[in-house]
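Each remark here refers to the structure printed beneath this line.
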Amino acid sequence: MTLNASHPLMDGRTADSPLITAYRGGKPERRPVWFMRQAGRSLPEYREVRKGIAMLDSCLKPELAAEITLQPVRRHDVDAGIFFSDIVIPLKLAGVDVDIVPGVGPVLGTPIRTAEDVARLPQLTEEALEPIREAVRLTVAELGSKPLIGFAGAPFTLAAYMVEGRPSRDHLGPRTMMHADPQAWNALAAWAADASGMFLRAQLEAGASAGQLFDSWAGSLSLADYRRHVAPSSARALDHVRGLGAPLVHFGTGTSELLVAMRDVGVDVVGVDYRLPLDEANRRLGGTTPLQGNIDPALLAAPWPVLEAHVREVIAAGAAAPGHVLNLGHGVPPETDPEVLTRVVKLIHSVEP
Ligand code: 1CP
């Protein structure tokens with residue numbers, strides 16, 4: 001199982017890029033940076049092209065998804081594009097009744113709560129993923145030597161929406177289900193693992209040079225629950241893309257106690273949220289895992305000297321790790337001034353690697 005010879009990671013375009021070098025634990029010629037949610041509402045050019053088009057529809061128009069992916073790369077000179085899509089797109093493409101409601105987030109027509117609900121879920125097919133492959137092909141043709149990062153939602157985070165039917169704070173529904181009805185839970189997590197795994201594989205095969213699994217809400221789990229009820233299905237999602245040779249990143253928020261378990265599902269890089277300094281994350285991981293993170297998104301709205309000092313601290317703390325890719329500790333807040341992001345990128349690139 002390998003990528004095609006004309007894939008950007010195989011034909012010389014991205015293999016030696018700063019991002020891929022750092023993900024592989026090397027020291028690149030410039031310190032790489034990208035931002036989670038760099039595409040999206042902080043950019044006026046995004047708001048312009050999205051006018052009158054629903055979120056999930058915009059993800060399924062290949063030209064539009066490619067354009068939105070490229071916008072922040074052009075504007076900020078970040079070291080990678082993150083594919084514009086959403087973690088619930090595989091559900092939508094499988095035929096699940098799901099929408100993204102403005103101001104709310106993902107909402108399902110019918111929540112999935114029992115073994116019968118899980119058994120009725122439609123299967124995602126390879127053909128349904130064609131708009132995703134097409135958008136990735138269009139994007140990487142424009143990106144040249146800058147890598148595209150593909151992504152998918154981890155089964156727990158996806159299931160958090162599927163069981164609750166909408167965003168929730170404490171994710172009680174899935175956390176109850178894994179104990180009250182472990183069989184139904186395992187079946188749901190397996191369905192989500194395969195849907196996400198196929199979605200990520202489609203992006204990598206079509207031209208993405210790295211993949212990130214988002215388990216954004218894993219921080220609501222105890223370590224014991226994570227290891228027993230969640231890690232096996234996250235590993236199953238990644239089984240779809242292991243061996244392709246593309247670096248794999250695993251990120252969640254509130255996961256300071258889970259970092260080792262998240263690395264152990266079999267990834268190359270661990271994404272760290274803003275709560276834990278990177279030198280401590282590196283210590284917990286034994287000093288052998290490249291890290292990504294972890295500028296506090298709250299500081300993007302602070303006066304520049306405060307933000308600059310914080311970014312320099314993150315760079316210094318990350319130097320302990322075998323490789324470090326700068327990012328935020330979670331996504332770009334929609335109200336962020338995009339000029340601040342550009343300035344942060346310039347600052348990061350100006351510090352000697
Ligand atoms: O109309 C809009 O602009 C809606 C906002 C929006 C955007 C821009 C949503 C709805 N999704 C996205 C794109 C998106 N989603 C990207 C690509 C853009 C980029 O990163 O630059 C990615 C990687 C995601 C992934 C995603 N969706 C995650 C994991 C990352 C994270 O932020 O933790 C999650 C949890 C979702 C669910 C989701 N989709 C949208 C919203 C508002 C939410 C969160 C809702 C909640 O609070 O539970």
Side-chain angles (χ1 to χ4, degrees), residues 1-4 6-11 13-15 17 19-20 22-24 32 34-40 58-60 62 65-70 72-73 78-93 124 126 128-155 157-158 192-216 234 236-252 265-269 271 292 325 327 331:
M1 194 164 75
T2 46
L3 300 170
N4 202 295
S6 60
H7 186 286
L9 196 58
M10 308 300 282
D11 72 2
R13 270 179 285 170
T14 63
S17 64
L19 181 93
I20 300 298
Y23 276 169
R24 289 180 167 159
W34 67 279
F35 302 114
M36 292 184 276
R37 295 285 177 97
Q38 66 190 18
S58 69
C59 298
L60 299 178
E67 167 59 22
I68 295 175
T69 303
L70 293 164
V73 183
V78 280
D79 293 276
I82 171 85
F83 182 54
F84 179 77
S85 195
D86 195 82
I87 59 169
V88 298
I89 280 287
L91 275 65
K92 170 97 177 163
L93 291 176
L124 179 60
E126 291 294 340
L129 288 160
E130 195 44 36
I132 302 304
R133 291 192 198 90
E134 182 57 17
V136 168
R137 286 192 284 262
L138 293 170
T139 308
V140 299
E142 295 290 318
L143 277 173
S145 60
K146 281 210 179 158
L148 177 69
I149 301 168
F151 76 92
T157 289
L158 263 189
D194 290 338
S196 275
M198 288 172 70
F199 176 56
L200 184 55
R201 188 182 170 104
Q203 296 165 60
L204 289 170
E205 286 183 339
S209 292
Q212 176 158 319
L213 193 68
F214 280 93
D215 209 348
S216 301
S234 296
R236 175 171 172 149
L238 294 170
D239 286 344
H240 289 260
V241 295
R242 281 186 219 286
L244 291 176
L248 299 173
V249 187
H250 201 179
F251 169 79
V265 305
V267 292
D268 305 285
V269 181
Q292 178 171 279
V325 172
N327 204 313

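Computation of the quantities below employed the complete heavy-atom set of this structure, encompassing side-chain atoms and omitting hydrogens, waters and symmetry-equivalent molecules.
Of all non-hydrogen atoms in Ala80 and Gln38, the two that sit nearest each other are O-NE2, 3.0 Å. Closest of all the heavy-atom pairs between Val140 and Ala208 is CG1-N, 4.4 Å. The two residues Ile82 and Phe35 make their nearest non-hydrogen contact at CG2-O, 4.2 Å. Nearest heavy-atom pair across Pro32 and Ala22 is CG-CB, 3.7 Å. The two residues Leu238 and Val267 have their closest heavy-atom pair at CD1-CG1, 3.5 Å. When all heavy atoms of Glu134 and Pro62 are compared, the pair lying nearest together is CG-CB, 3.7 Å.
Between the Lys146 side chain and the Val78 main chain, a donor and an acceptor come within less than 3.5 Å of each other. The backbone N or O of Ser6 lies less than 3.5 Å from a partner atom in the side chain of Arg13, making a donor-acceptor pair. A donor-acceptor pair under 3.5 Å is absent between the side-chain atoms of Ser234 and the main chain of Ala154, judged by distance alone.
Here the CG-OG distance, from Leu9 to Ser17, works out to 8.0 Å after rounding to the nearest 0.5 Å. In this structure, Glu67 CD and Leu138 CG are separated by 11.0 Å, a value rounded to the nearest 0.5 Å. Atom CD1 of Ile149 sits about 11.5 Å away from atom OG1 of Thr69, to the nearest 0.5 Å. Summarising the geometry, atom CZ belonging to Phe83 is positioned 4.5 Å from atom CD1 belonging to Ile132; distances are rounded to the nearest 0.5 Å. Separating the CZ atom in Phe251 from the CG atom in Asp215 is a distance of 10.0 Å, to the nearest 0.5 Å. Distance CG/Leu200 to CG/Leu129: 11.0 Å, rounded to 0.5 Å.
The side-chain heavy atoms of Ser58 and Phe84, taken from C-beta on, include a pair separated by under 4.5 Å. Looking only at side-chain heavy atoms (C-beta outward), Ile87 and Ser196 stay at 4.5 Å or farther from each other. The closest side-chain heavy-atom distance from Leu158 to Val88 is below 4.5 Å. Glu126 has its side chain within reach of Arg133: a pair of non-hydrogen atoms, C-beta onward, lies under 4.5 Å apart. Residues Gln212 and Phe214 have side chains in contact (heavy-atom distance under 4.5 Å, counting atoms from C-beta outward).
Only one option out of Ile68, Ile89, Leu93 pairs with Cys59 in a side-chain contact (heavy atoms from CB on, under 4.5 Å); it is Ile89.
There is a side-chain donor-acceptor pair under 3.5 Å between Asp194 and His240.
Residues that satisfy the side chain to side chain contact (heavy atoms under 4.5 Å, CB included) test with Pro90, not counting sequence neighbours, are Leu124, Ala195, Phe199.
Classification of Arg242 and Asp239 as a salt-bridged pair holds, one side-chain N sitting under 4.0 Å from a carboxylate O.
Sorted by first and then second residue, the salt bridge (charged side-chain N to carboxylate O under 4.0 Å, His left out) pairs with a member in residues 80-89 form an empty list; sequence neighbours excluded.
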Using the side-chain contact (heavy atoms from CB on, under 4.5 Å) rule, take Val249 and Val325 through it: C-alpha gap first, then chi angles, then the decisive distance, then the call. CA-CA 11 Å; Val249 187; Val325 172; over 6 Å; no

Show your reasoning for whether side-chain contact (heavy atoms from CB on, under 4.5 Å) applies to Leu60 and Lys92. CA-CA 10 Å; Leu60 299 178; Lys92 170 97 177 163; 4.3 Å; yes

Between Asp268 and Arg24, does a salt bridge (Lys or Arg N to Asp or Glu O under 4.0 Å) hold up when you go through it step by step? CA-CA 7 Å; Asp268 305 285; Arg24 289 180 167 159; over 6 Å; no

